[in-house]
Amino acid sequence: MESFSSKSLALQAEKKLLSKMAGRSVAHLFIDETSSEVLDELYRVSKEYTQSRPKAQRVIKDLIKVAVKVAVLHRSGCFGPGELALATQFRQKLRQGAMTALSFGEVDFTFEAAVLAGLLTQCRDTLLELVENHLTPKSHDRIRHVFDHYSDPDLLSALYGPDFTQHLGKICDGLRKLLDEGKL
């Protein structure tokens, strides 16, 4: 007997549709204003650092696709109790990373690329474990691409260096607001 689930089919269609729409301009429809501003600054940092508009667009597009897919999975109740614990752990690590990034941005001479890179790597590994049975290998590659890009110690050092001060300030302002509002 063939097993058929309309709920599963609808979830697949929703993920596919949203992944096709997940461009930087469409992000404004799905993501709040503050998150959108942080994403825009991350795009600018990536573009300046890589000196490549297509690479910067790809990493932000991958980030948006992953965020939308994980949100759809969570909203649809696809995660079991163990996975919900992983989701909580991921959120805590992401929050810790944001607070660490803020601290490094606000207190001179405290920046350590290895610390921030380590936190981002832990976030990546936790997220991969969370979505292991729900997303395709292509989505797993997108997760790796995003986190590996932003946990690159050279990129982080450039971000906290003198050439990216304006970008870092805007990112820190956005992160602070997201933390204060409980969105991160």
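Any value given below was found using the heavy atoms of this structure, including those in side chains, with hydrogens, waters and symmetry copies removed.
- Under a 3.5 Å cut-off, the side chain of E83 and the backbone N or O of G80 do form a donor-acceptor pair.
- Of the residues Q57, H149, E41, the one that meets the side-chain hydrogen bond (donor to acceptor under 3.5 Å, both in side chains) test with S46 is H149.
- Contact of the T126 side chain with the L94 side chain is not registered, since no non-hydrogen atoms from C-beta on lie closer than 4.5 Å.
- The pair K177-D173 does not meet the salt-bridge criterion, since no charged nitrogen lies less than 4.0 angstrom from a carboxylate oxygen.
- In this structure, E181 places its CD atom where more than 12 heavy-atom neighbours from other residues, nucleotides or ligands lie under 6.0 Å away.
- Side-chain polar atoms of S139 and K69 form a donor-acceptor pair below 3.5 angstrom.
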Could you list the donor-acceptor pairs under 3.5 angstrom formed by side chains in residues 95-107, with sequence neighbours left out?
residue: R95; atom: NH1; partner: L184; partner atom: O; Å: 2.7
residue: Q96; atom: OE1; partner: K93; partner atom: NZ; Å: 3.4
residue: T100; atom: OG1; partner: Q96; partner atom: O; Å: 2.8
residue: E106; atom: OE2; partner: R176; partner atom: NE; Å: 3.2
residue: E106; atom: OE2; partner: R176; partner atom: NH2; Å: 2.3

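- For the pair L159/I171, a side-chain contact is recorded, criterion being any heavy-atom separation below 4.5 Å from C-beta on.
- Without hydrogens or angle criteria, T50 side chain to S52 main chain gives a donor-acceptor distance under 3.5 Å.
- Distance check, rounded to the nearest 0.5 Å: CZ of F111 to CG of L168 gives 9.0 Å.
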What verdict does the side-chain contact (heavy atoms from CB on, under 4.5 Å) test give for R58 and K61, after you've listed the backbone C-alpha separation in whole Å, the side-chain angles of each residue and the deciding distance to 0.1 Å? CA-CA 5 Å; R58 172 55 47 203; K61 191 170 186 175; 4.1 Å; yes
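- Between L135 and V66, every side-chain heavy-atom pair lies at or beyond the 4.5 Å cut-off.
- Shortest non-hydrogen contact noted between Y49 and D152 is OH-OD2, 3.4 Å.
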Determine, stepwise, if the pair E48 / H167 fulfils side-chain contact (heavy atoms from CB on, under 4.5 Å). CA-CA 10 Å; E48 278 187 43; H167 297 301; 2.6 Å; yes
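- A donor-acceptor pair is defined here as one N or O able to donate and one able to accept, closer than 3.5 Å; no such pair exists between the side chain of Y160 and the backbone of T165.
- Among residues at least two apart or in separate chains, salt bridge (Lys or Arg N to Asp or Glu O under 4.0 Å) pairs with a member in residues 111-134 are R124-D148.
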Verdict with supporting geometry, D141 and R144, salt bridge (Lys or Arg N to Asp or Glu O under 4.0 Å): CA-CA 5 Å; D141 289 343; R144 285 185 197 91; 3.1 Å; yes
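- Note that OG of S35 is 10.5 Å distant from CD1 of I64, once rounded to the nearest 0.5 Å.
- Residue D62 holds its CG atom at 10.0 Å from CD1 of I143, rounded to the nearest 0.5 Å.
- F147 approaches C123 most closely through the heavy-atom pair CE2-CB, 3.6 Å.
- Closest of all the heavy-atom pairs between S151 and T121 is OG-OG1, 4.1 Å.
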Does Y150 form a side-chain contact (heavy atoms from CB on, under 4.5 Å) with L155? I'd like the steps, not just the answer. CA-CA 7 Å; Y150 287 110; L155 180 140; 4.2 Å; yes
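- Summarising the geometry of I60 relative to L39, their closest heavy-atom pair is CD1-O, 3.7 Å, with the distance given to 0.1 Å.
- A pairwise comparison of heavy atoms in V146 and V59 identifies CG2-O, 3.5 Å as the closest pair.
- How far CZ of R53 is from NZ of K47: 6.0 Å, rounded to the nearest 0.5 Å.
- For the pair H140 (side chain) and L128 (backbone), a donor-acceptor distance under 3.5 Å is absent.
- Classification of the H74-F79 ring pair by plane angle, with boundaries at 30° and 60°, yields tilted.
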In sequence, state the C-alpha distance, the side-chain angles, and the governing distance for L86 and L127, and then conclude on side-chain contact (heavy atoms from CB on, under 4.5 Å). CA-CA 8 Å; L86 277 173; L127 183 58; over 6 Å; no
